[in-house]
Amino acid sequence: MANQIGVIGTGYVGLVTGTCFAESGNKVLCVDIDEAKVEKLRNGKVPIYEPGLEVLFERNIRENRLHFSTDLRQAVVNCKILFLCLPTPPDEDGSADLQTVLKVAGDIGVILKEENISDLRILVDKSTVPVGTSVRVRKAVTDVWADANIDVVSNPEFLREGFAVEDFMKPDRVVIGTQNEESAHLMRELYRPFTLSGNPIYVLDEKSAEACKYAANSYLAMRITFMNEMAEFCESVGADIESVRRAIGSDTRIGKRFLFPGIGYGGSCFPKDVRALAHSAREANVNLTLIEAAEAANRRQSQRFVERIVKRFGGDVSGKNFALWGLAFKPNTDDTREAPAFRIIDQLLELGASVRAYDPEAHEGAQRRFGDKIAYAEDMYDALKGSAALIVATEWNEFRNPDFEQVKQALGSNIIFDGRNCYDTDRMDKFGFEYHSIGRATVGA
Ligand SMILES: NC(=O)c1ccc[n+]([C@@H]2O[C@H](COP(=O)([O-])OP(=O)(O)OC[C@H]3O[C@@H](n4cnc5c(N)ncnc54)[C@H](O)[C@@H]3O)[C@@H](O)[C@H]2O)c1
């Protein structure tokens with residue numbers, strides 16, 4: 001019989017996890033506290049934008065394998081394996097806030113006790129959590145019921161928003177942290193369909209598994225930051241970061257990915273995970289100098305970009321309107337959490353400028369944050385109307401090859417600040433643009 005799986009928390013990670021496990025034949029019950037979201041899901045609507053998700057979601061609902069509820073009890077009673085895909089937002093001091101994870105663990109303990117469930121329940125932590133959380137989750141359950149028959153497994157998730165389904169279905173690797181043989185076996189079986197091409201499943205101790213996720217995200221954040229700093233260096237000495245990127249990326253020791261300079265990393269993971277790792281290290285009296293520096297340098301990156309814009313306008317942008325393409329923290333998602341575009345908008349508004357923005361998917365997130373403080377355009381060309389300059393903040397595909405004649409006409413100026421190096425500098429020069437990008441010579445100025 002297929003496994004009965006419970007997924008607690010139906011956000012970007014939970015919904016993809018639940019849907020993909022259903023796709024491999026499991027019966028899945030997804031639970032969320034957000035009644036409106038569950039209602040939407042039950043009505044067959046995917047509440048997030050994630051390429052490829054809708055087809056799988058619809059198929060598995062049709063096949064009766066994917067269900068949604070607000071009732072945690074239903075999941076605890078019926079599902080042997082319970083995935084915790086809950087938020088772990090940053091606390092004021094940068095640490096990961098575990099309130100929700102521990103509260104749900106405690107609630108599971110209460111249900112296990114009330115229902116007198118003696119069969120093993122495996123709590124699988126998919127949220128990104130500090131090293132040692134599996135011990136705290138176990139304690140949150142056993143504090144309620146000392147006899148609870150549970151195992152707590154750490155199973156960090158490495159999916160990328162925008163490629164979440166692809167990443168889940170074909171993971172580079174799966175990391176499972178448990179020292180319990182039955183849990184390890186069940187988890188291996190669960191992930192087997194996704195690793196048939198030979199990608200590894202690593203079974204580690206819980207703490208090492210938890211550390212993997214912070215190590216991976218912090219390394220990637222650091223790599224991006226390194227390239228951002230190299231871009232600044234290239235700008236000041238007249239070198240071209242894109243040539244440097246291609247040349248060093250072809251070194252197999254370095255590799256091509258995550259070498260793209262821009263306006264700083266953002267999103268719901270890198271910023272908070274870097275801060276949480278730095279906080280954990282400080283608590284352990286370990287000095288992670290690279291990580292601390294990455295965080296500071298990343299904050300500076302968007303400031304530096306805005307400073308360049310302000311300088312171009314003689315030190316004063318008040319009263320000027322800027323067109324901005326891209327609000328999501330990266331392309332192919334509607335997620336705007338810690339979006340670099342937001343940092344730029346914040347600074348421009350602070351300086352008395354106004355912004356007219358367009359994003360193919362992320363207006364809702366921006367509206368929640370800025371309300372009517374900025375204008376929302378109908379399409380990418382509509383965003384340009386009467387603006388002092390165009391700012392490219394997210395490299396959606398549709399921004400990569402626009403009709404530049406139309407851009408120039410609608411913009412009312414020829415100035416582009418490209419925070420993602422979407423365009424070829426020679427081409428921009430030929431079109432007659434004054435084109436500012438990251439780590440490359442400005443043309444047309
Ligand atoms: N988003 C990513 O790309 C990504 C990738 C890897 C890991 N992670 C980690 O996974 C975790 C979840 O991230 P996310 O982006 O899916 O978050 P999210 O905010 O999109 O989703 C969290 C969901 O949990 C629900 N929830 C909150 N409290 C609940 C409760 N008490 N009971 C049931 N549901 C509850 C929320 O309503 C929401 O739907 C975080 O720790 C994150 O760091 C995220």
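Atoms within a ligand are numbered from 1 in the order they appear, just like the ligands themselves.
In terms of polar-atom proximity, defined here as any N/O pair under 3.5 Å, Glu157 makes no such contact with ligand 1. Considering backbone and side-chain atoms together, Thr100 places no N or O closer than 3.5 Å to any N or O of ligand 1. Between Lys213 and ligand 1, a contact under 3.5 Å exists for no N or O pair. For ligand 1, none of its N or O atoms has an N or O atom of Asp273 under 3.5 Å away. Of the N or O atoms in Thr88, one or more lie within a sub-3.5 Å distance of an N or O in ligand 1. Any N or O atom pair closer than 3.5 Å counts here, and Val13 shares at least one such pair with ligand 1.
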Side-chain atoms of residues 255-265: list all donor-acceptor pairs with protein atoms under 3.5 Å, sequence neighbours left out, distances to 0.1 Å.
none

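With salt bridges taken as basic N to acidic carboxylate O contacts below 4.0 Å, none links Lys113 and Asp147. Salt bridge absent: Glu63 and Lys27 never bring a charged side-chain N and a carboxylate O closer than 4.0 Å.
The closest non-hydrogen atom to atom 30 (C) of ligand 1, taken over Ile8, Ile33, Val129, comes from Ile33.
Distances from ligand 1 to the non-hydrogen atoms of Arg160 include no value under 4.0 Å. Not close to ligand 1: Lys103, with no non-hydrogen atom less than 4.0 angstrom away.
The distance between the ring centers of Phe342 and Phe370 falls below 6.0 angstrom. For Tyr358 and Tyr376, the gap between ring centers reaches or exceeds 6.0 Å.
At the shortest separation from atom 22 (C) of ligand 1 among protein heavy atoms lies Pro87 CD, 3.6 Å. For atom 2 (C) of ligand 1, the nearest protein heavy atom (residue, atom name, distance) is Glu161 OE2, 3.4 Å. For atom 9 (C) of ligand 1, the closest non-hydrogen atom of the protein is Thr128 OG1, 3.4 Å. Residue, atom and distance of the protein heavy atom nearest to atom 38 (C) of ligand 1 are Asp32 OD2, 3.4 Å.
Considering Val31, Leu15, Val7, Leu29 in turn, Leu15 is the only one that fulfils the side chain to side chain contact (heavy atoms under 4.5 Å, CB included) rule with Phe68.
Ligand 1 places these atoms under 4.0 Å from at least one heavy atom of Gly9: 23 (C), 24 (O), 25 (C), 34 (N). For ligand 1, the atoms lying closer than 4.0 Å to a non-hydrogen atom of Lys37 are 38 (C), 39 (O). With ligand atoms numbered from 1 in the order given, ligand 1 contributes 37 (O) to contacts under 4.0 Å with heavy atoms of Asp34. Under a 4.0 Å criterion applied to the non-hydrogen atoms of Gly11, ligand 1 contributes the atoms 16 (O), 18 (P), 20 (O), 21 (O), 23 (C), 39 (O). Ligand-side atoms of ligand 1 in range of Lys272: 42 (C), 43 (O), range being under 4.0 angstrom from any heavy atom. The contact set between ligand 1 and Ser268, taken as ligand atoms under 4.0 Å from a residue heavy atom, comprises 1 (N).
Ser208 and Asp205 form a side-chain donor-acceptor contact under 3.5 Å, judged by distance and modelled atom types alone. Checking Asn298 against Thr225 by side-chain atom types alone, no donor-acceptor pair falls below 3.5 Å. Checked by atom type, the side-chain pair Gln179/Glu206 shows a donor-acceptor distance below 3.5 Å. Between the side chains of Thr333 and Glu161, at least one donor N or O sits under 3.5 Å from an acceptor N or O.
At a heavy-atom distance under 4.0 Å, atoms from both the backbone and the side chain of Leu86 approach ligand 1. Contacts between Cys269 and ligand 1, counted as non-hydrogen atom pairs separated by less than 4.0 Å, involve the side chain only. Heavy atoms of Val104 found under 4.0 angstrom from ligand 1 belong exclusively to the side chain. Under 4.0 Å from ligand 1, the heavy atoms of Arg337 that appear belong solely to its side chain. Both the backbone and the side chain of Ser127 come within contact range of ligand 1, each with a heavy atom under 4.0 Å.
Ring-plane geometry between Phe168 and Phe194 is classed as perpendicular, the angle between the planes exceeding 60 degrees on a 0 to 90 degree scale with a lower cut at 30.
A donor-acceptor pair under 3.5 Å is formed between the side chain of Asp418 and the backbone N or O of Cys422.
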Original post:
Does the side-chain hydrogen bond (donor to acceptor under 3.5 Å, both in side chains) test come out yes or no for Asn199 and Arg173, once each step is laid out?
Top reply: CA-CA 6 Å; Asn199 287 352; Arg173 55 24 196 127; over 6 Å; no

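Scanning both residues, Glu361 and Asp334, for their nearest heavy atoms gives O-CB, 3.4 Å.
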